[in-house]
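We use all heavy atoms of the structure for the numbers below, so side chains are in, but hydrogens, waters and symmetry mates are not. All figures in this text were calculated on a predicted structure; none of them were measured in a lab.
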Amino acid sequence: MTLDRPDLTKHLAFMHEARKVPVVLSPEEVARFLEAAPGVKYKAALSVAYGAGLRVSEVVSLKVSDVGSERMMLRVEQGKGRKDRHAMLSPVLLGLLRDWYRIARPQGWLFPGQNPVAPMSTRQLMRIPGIAAMDSD
């Protein structure tokens, strides 16, 4: 234990990890990626994540009532840091969500899981980009 032992702490060296620039996809690559999603549900969920800038946990916890088409906003409840916030909703994304709603008629959760009373799991949504990336190549 190094707490309150300055003789031990001066021998520790800090390793700084280089920050790398993230890979940014072109609009064409994003469109190809989203088209490769295995179904409308996953295409809509990935589009919400990308288009509105939501985290996976925020996407799966969206409810039908969180889509505000009159104000063009998505209500995110209890996001990072347990804070509520709003995200912008584009007309294209709203159209895609309406298509998804017409097909599935979700009741509570916007993206229900295998059991309709529970939301899709974050793990289930996290697997989809790998599947879509393989299909888009």
Side-chain angles (χ1 to χ4, degrees):
M1 193 146 199
T2 61
L3 192 61
D4 295 329
R5 302 244 346 238
D7 57 315
L8 291 178
T9 58
K10 63 183 165 186
H11 298 294
L12 298 176
F14 291 100
M15 296 295 294
H16 292 284
E17 194 171 313
R19 291 188 183 189
K20 296 178 182 165
V21 177
V23 175
V24 179
L25 300 177
S26 70
E28 296 80 24
E29 290 172 322
V30 171
R32 247 185 33 232
F33 173 73
L34 292 175
E35 287 301 321
V40 181
K41 175 182 182 177
Y42 297 112
K43 180 179 178 182
L46 291 173
S47 296
V48 167
Y50 182 80
L54 300 187
R55 294 169 178 85
V56 172
S57 60
E58 294 171 340
V59 172
V60 298
S61 64
L62 285 174
K63 298 180 185 97
V64 175
S65 59
D66 292 336
V67 179
S69 57
E70 60 285 338
R71 292 181 55 207
M72 297 302 285
M73 300 286 247
L74 283 172
R75 178 174 166 74
V76 179
E77 293 181 355
Q78 302 291 298
K80 185 175 180 182
R82 296 283 172 220
K83 293 183 181 177
D84 294 348
R85 64 185 176 100
H86 287 92
M88 297 293 291
L89 182 61
S90 73
V92 174
L93 188 53
L94 179 61
L96 184 59
L97 288 175
R98 284 183 171 158
D99 290 344
W100 163 240
Y101 185 82
R102 275 193 287 277
I103 291 168
R105 297 282 183 200
Q107 295 302 310
W109 303 105
L110 186 57
F111 302 110
Q114 290 177 338
N115 180 356
V117 298
M120 179 190 330
S121 69
T122 56
R123 183 170 184 224
Q124 185 180 1
L125 186 56
M126 290 289 287
R127 289 182 44 222
I128 300 308
I131 295 168
M134 288 189 301
D135 290 345
S136 68
D137 288 338

Let me confirm one number: the CZ-CG distance from Arg102 to Leu97, rounded to the nearest 0.5 Å.
11.0 Å

Candidate pair Leu46 and Leu125, rule side chain to side chain contact (heavy atoms under 4.5 Å, CB included), full reasoning
CA-CA 8 Å; Leu46 291 173; Leu125 186 56; 4.2 Å; yes

Between CD of Gln114 and CE of Met120, what distance do you get to the nearest 0.5 Å?
10.5 Å

Can you confirm whether Leu54 sits close enough to Arg85 that some side-chain heavy atom of one is under 4.5 Å from a side-chain heavy atom of the other?
yes

Can you tell me how far the CG atom of Leu34 sits from the CG atom of Leu96, to the nearest 0.5 Å?
8.5 Å

Has Gln107 got more than 12 heavy atoms of other residues, nucleotides or ligands less than 6.0 Å from its CD?
no

Does any part of the side chain of Gln78, heavy atoms only, come nearer than 4.5 Å to the side chain of Asp84, both counted from C-beta?
yes

Do Thr122 and Val59 have side chains that approach each other closer than 4.5 Å (heavy atoms only, starting at C-beta)?
no

Might you confirm whether atom CD of Glu70 has over 12 heavy atoms from other residues, nucleotides or ligands at distances under 6.0 Å?
yes

With a 4.5 Å heavy-atom cut-off, do Pro38 and Ile128 have their side chains touching?
yes

Co-membership, hydrophobic cluster, residues Met88 and Leu94, 4.5 Å side-chain
no

Considering all heavy atoms, the nearest Val30-Tyr50 contact
CG2-OH, 3.4 Å

Out of curiosity, Ser121 OG to Arg127 CZ, how far, rounded to the nearest 0.5 Å?
8.5 Å

Is it the case that one hydrophobic cluster holds both Tyr42 and Trp109, taking links as side-chain heavy atoms less than 4.5 Å apart, direct or via other members?
no

Quick check: is Val67 connected to Met73 through a chain of hydrophobic side chains (ILVMFWY, heavy atoms under 4.5 Å apart)?
no

Here the gap from Arg71 atom CZ to His86 atom NE2, rounded to the nearest 0.5 Å, amounts to 5.0 Å

Is it the case that atom CE in Met126 sees more than 12 heavy atoms from other parts of the structure closer than 6.0 Å?
no

Electrostatic pair Lys63:Asp66 at N-O distance under 4.0 angstrom:
no

dist Arg75:CZ -> Leu89:CG (nearest 0.5 Å) comes out at 15.0 Å

Does any non-hydrogen side-chain atom of Phe111 lie less than 4.5 Å from one of Pro119?
no

Between Pro112 and Pro106, what is the shortest heavy-atom contact and its length?
CD-CB, 4.2 Å

